[in-house]
Amino acid sequence: MVNIPSPLLDTLHAAQRITVLTGAGISAESGVPTFRDAQTGLWARYRPEELATPEAFQRHPKLVWDWYAWRRELVAGVKPNAAHHALVKLEQQVPDFTLITQNVDGLHRRAGSGNVLELHGELFRTKCSRCERAVNCWQDGGETPPVCGHCHAWLRPDVVWFGEMLPVTLLQKAEAAAAQCEVFFSIGTSSLVYPAAELPFTALRGGATVVEINPQPTPLSDYVAYTLQGAAGKVLPVLLKAVWDSEVPQ
Ligand code: BJW
Ligand code: ZN
């Protein structure tokens, strides 16, 4: 049973500027494992944090490439869930809406969200690890990882690994959207990874009402105005119905 406190209903009803930050938890109900969940099968013996680094790619390029190839296949076989669809509906309710995601699975765009800032890159884009050219196709069955046609360095997924800079323009847009919003949602993220984890605090400093949606407490929980404890795919449709009388496709 999801209970939305009535002062929050009023705040949302009046809000003109809403910013949302999502993490892996929003895709969990689509069947995409979260980052800090135990992994399954072949990947159970690796911690994702240890694979998502430039050092891991330098030392074990085939292992890291194969992990991303497995994830691409997994994500290609799943669909956006009710939480992704609810955020598409939310975007239609307010004049100024920004969706910031740490996810690389592309499910927000597949659901139909328009203004999406993909802070940590995109699983289905590939670039050269040296000259950084975007690469759309390569010869399968050759070397793993495949190599760049220009400089022969390994290709890599176009995602942001630990120790790498986030795309500057995207981060600036995300910071501005956090600073200027009236309501900021943090949904399905453990709030452990920076600079994304700083964004709710930027929103708080700007005077926003910060709302967290997560089945588990996080380091952010003590600072937010409202915690809606539960799965995003359950909480968000209830919220959309309660505030805007909007039905979310399941
Ligand atoms: C549900 C649910 C349901 C389940 N509904 N919820 C300041 C302080 C300390 C350290 C740093 C700092 N600033 C920078 C750093 C270093 C580092 C960092 O943050 N380290 C921390 C771990 C301490 N950051 C960086 O290196 C970043 N770069 C940077 O800062 O550059 C500047 C710089 C450069 C050089 C030197 C110094 C500075 C880059 C970070 C890149 C992160 N990349 C990854 C991989 C992306 C590609 C890929 O996917 O493979 O991004 S790591 C991984 O974590 C991935 C995620 O986007 C990210 C966040 O994870 P997320 O989404 O929160 O997932 P989980 O699994 O942690 O949580 C899921 C949550 O969902 C849980 O809470 C569940 O309860 C919940 N949940 N089911 C709702 N149904
Ligand atoms: Zn190259």
**Student:** What closest approach, in Å, do V243 and H13 show between heavy atoms, and which atom pair accounts for it?
**Tutor:**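 Here V243 and H13 meet closest at O-CD2, 3.0 Å.
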**Student:** Side chains of L63 and Y46, heavy atoms from C-beta outward: is any pair under 4.5 Å?
**Tutor:**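 Yes, close enough: below the 4.5 Å cut-off.
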**Student:** Which atom pair, heavy atoms only, marks the closest approach of W244 to L12?
**Tutor:**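 Smallest interatomic distance, heavy atoms only, reads CZ2-O, 3.6 Å.
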**Student:** Taking only residues at least two apart or on different chains, which pairs with a member in residues 124-159 satisfy ring pair (Phe, Tyr, Trp, His ring centres under 6.0 Å)?
**Tutor:**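 Counting only pairs at least two positions apart or across chains, the ring pair (Phe, Tyr, Trp, His ring centres under 6.0 Å) contacts touching residues 124-159 are F57-W154, W65-W138.
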**Student:** Please give me the minimum heavy-atom distance between H85 and P80, naming the atom from each residue.
**Tutor:**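 Closest approach of H85 to P80: NE2-O, 3.6 Å.
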**Student:** Can you tell me which residue pairs pass the salt bridge (Lys or Arg N to Asp or Glu O under 4.0 Å) test with a partner in residues 15-33, sequence neighbours excluded?
**Tutor:**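 Salt bridge (Lys or Arg N to Asp or Glu O under 4.0 Å) check on residues 15-33 returns R17-E182.
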**Student:** Test of understanding: with salt bridge (charged side-chain N to carboxylate O under 4.0 Å, His left out), list the residues that count as partners of K62, not counting sequence neighbours.
**Tutor:**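 Here the qualifying residues are D66.
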**Student:** Check the hydrophobic clustering (I, L, V, M, F, W, Y; side-chain heavy atoms under 4.5 Å; chains of links allowed) and say if L155 and L51 are grouped together.
**Tutor:**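 Hydrophobic grouping puts L155 apart from L51.
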**Student:** Hey, could you give me each pair passing side chain to side chain donor-acceptor pair (under 3.5 Å) that has a residue in residues 184-193? Not counting sequence neighbours.
**Tutor:**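 Passing the test, one end in residues 184-193: Q102-T189.
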**Student:** Would you check, one step at a time, whether the test side chain to side chain contact (heavy atoms under 4.5 Å, CB included) holds for N81 with S30?
**Tutor:** CA-CA 6 Å; N81 66 54; S30 293; 3.1 Å; yes
**Student:** Charged N to carboxylate O below 4.0 Å: is that the case for R59 and E50?
**Tutor:**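 Result for this pair is no, no salt bridge flagged.
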**Student:** Donor-acceptor check, side chain of T126 to backbone of P157, threshold 3.5 angstrom: yes or no?
**Tutor:**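 Answer holds: no.
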**Student:** Run V159 and R71 through side chain to side chain contact (heavy atoms under 4.5 Å, CB included) and show every step you take.
**Tutor:** CA-CA 13 Å; V159 299; R71 288 174 58 197; over 6 Å; no
**Student:** To the nearest 0.5 angstrom, please state how far the CG atom of L87 sits from the NE2 atom of H108.
**Tutor:**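 Going from CG on L87 over to NE2 on H108, the span is 6.0 Å.
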**Student:** What I want to check is whether the side chains of H84 and S113 have a donor and an acceptor closer together than 3.5 Å.
**Tutor:**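 Note: H84 and S113 side chains miss the donor-acceptor criterion.
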**Student:** Under a single-linkage rule joining Ile, Leu, Val, Met, Phe, Trp and Tyr whose side-chain heavy atoms are separated by less than 4.5 Å, which residues share a cluster with Y194?
**Tutor:**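 Joined to Y194, directly or through intermediates: none.
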**Student:** Does I26 share a hydrophobic cluster with V193, counting links as ILVMFWY side-chain heavy atoms below 4.5 Å and allowing steps through other members?
**Tutor:**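 As far as the 4.5 Å side-chain criterion goes, V193 and I26 are not connected within one cluster.
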**Student:** Of the non-hydrogen atoms in A24 and N103, which two are nearest, and what is the gap between them?
**Tutor:**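 Distance-wise, the nearest heavy atoms are N-OD1, 3.0 Å.
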**Student:** Side chain of E122, backbone of R125: donor and acceptor closer than 3.5 Å?
**Tutor:**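 Looks like yes, one N/O pair under 3.5 Å.
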**Student:** Locate the shortest heavy-atom distance separating R130 from C151; write the atom from each residue and the value.
**Tutor:**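 Answer, listing the atom of R130 first, then C151: NH1-O, 3.1 Å.
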**Student:** With a 4.5 Å cut-off on side-chain heavy atoms, are S246 and Q92 touching?
**Tutor:**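 Not in contact.
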**Student:** Please write out which residues are connected to V88 in a hydrophobic cluster, directly or through intermediates, given that two of Ile, Leu, Val, Met, Phe, Trp, Tyr count as joined at side-chain heavy-atom separations below 4.5 angstrom.
**Tutor:**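 Grouped by the 4.5 Å side-chain rule, V88 forms a cluster of one, so the answer is none.
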**Student:** Would you indicate whether the side-chain heavy atoms of L74 and P33 approach each other to under 4.5 Å?
**Tutor:**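 Side-chain contact under 4.5 Å: yes.
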**Student:** Among Ile, Leu, Val, Met, Phe, Trp and Tyr joined by side-chain contacts under 4.5 Å, find the other residues sharing a cluster with F201 and list them by chain and number.
**Tutor:**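 Via sub-4.5 Å side-chain contacts, F201 links to L21, I100, L117, L119, V160, L166, L170, L171, F184, L199, L204, V210, L220, Y223, V224.
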**Student:** For D105, enumerate each residue passing the side chain to side chain donor-acceptor pair (under 3.5 Å) test, keeping only those at least two apart in sequence or located in another chain.
**Tutor:**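 Partners of D105 under the side chain to side chain donor-acceptor pair (under 3.5 Å) test: S27.
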**Student:** Are the side chains of L90 and I18 in touch, meaning some heavy atoms are under 4.5 Å apart?
**Tutor:**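 Heavy-atom side-chain distance check passes, below 4.5 Å.
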**Student:** Please answer: with hydrophobic residues joined when any side-chain heavy atoms are less than 4.5 Å apart, are I213 and L107 in the same cluster?
**Tutor:**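 No: no chain of side-chain contacts under 4.5 Å links I213 to L107.
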**Student:** Is a donor from one side chain sitting under 3.5 angstrom from an acceptor on the other, for E118 and T101?
**Tutor:**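 There is no such pair between these side chains.
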**Student:** Of all residues at least two apart in sequence or in a different chain, which pass the salt bridge (charged side-chain N to carboxylate O under 4.0 Å, His left out) check with E164?
**Tutor:**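 With sequence neighbours excluded, E164 shows a salt bridge (charged side-chain N to carboxylate O under 4.0 Å, His left out) to R156, given in chain and number order.
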**Student:** Indicate the atoms forming the closest heavy-atom contact of D158 with K127, along with that distance.
**Tutor:**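 Looks like OD1-CD, 3.6 Å.
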**Student:** Applying salt bridge (Lys or Arg N to Asp or Glu O under 4.0 Å) to R36 and E49, what does each step give before you reach the verdict?
**Tutor:** CA-CA 8 Å; R36 286 155 188 89; E49 295 92 318; 3.5 Å; yes
**Student:** To the nearest 0.5 Å, what is the distance between OG1 on T19 and CD on Q180?
**Tutor:**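 CD of Q180 is found 8.5 Å from OG1 of T19.
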**Student:** To the nearest 0.5 Å, what is the distance between OG1 on T53 and CZ on F162?
**Tutor:**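 It comes to 9.0 Å.
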**Student:** If you define the side chain from C-beta out and look only at heavy atoms, does anything of N115 sit under 4.5 Å from L99?
**Tutor:**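 Not touching, per the 4.5 Å side-chain cut-off.
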**Student:** Excluding sequence neighbours, so at least two apart, what forms side chain to side chain donor-acceptor pair (under 3.5 Å) with S129?
**Tutor:**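 Counting only residues at least two positions away or on another chain, S129 forms no side chain to side chain donor-acceptor pair (under 3.5 Å).
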**Student:** Shared ILVMFWY cluster between V248 and I187, side chains joined below 4.5 angstrom?
**Tutor:**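 Yes, because V248 and I187 connect within a single hydrophobic cluster, where side-chain heavy atoms sit under 4.5 Å apart.
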**Student:** Within the 4.5 Å heavy-atom criterion, are V116 and T98 side-chain neighbours or not?
**Tutor:**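 When only atoms from C-beta onward are counted, T98 and V116 do not touch, as no gap falls below 4.5 Å.
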**Student:** To the closest 0.5 Å, what do you measure between CG (D96) and SG (C181)?
**Tutor:**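 Going from the CG atom of D96 to the SG atom of C181 covers 9.0 Å.
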**Student:** Name every donor-acceptor pair, under 3.5 Å, that has one atom in a side chain of residues 227-239 and the other anywhere in the protein, sequence neighbours excluded.
**Tutor:**
residue, atom, partner, partner atom, Å
Q229, NE2, P215, O, 3.0

**Student:** Which residues pass the side chain to side chain donor-acceptor pair (under 3.5 Å) test with E175, not counting sequence neighbours?
**Tutor:**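 Result, side chain to side chain donor-acceptor pair (under 3.5 Å) vs E175: none returned.
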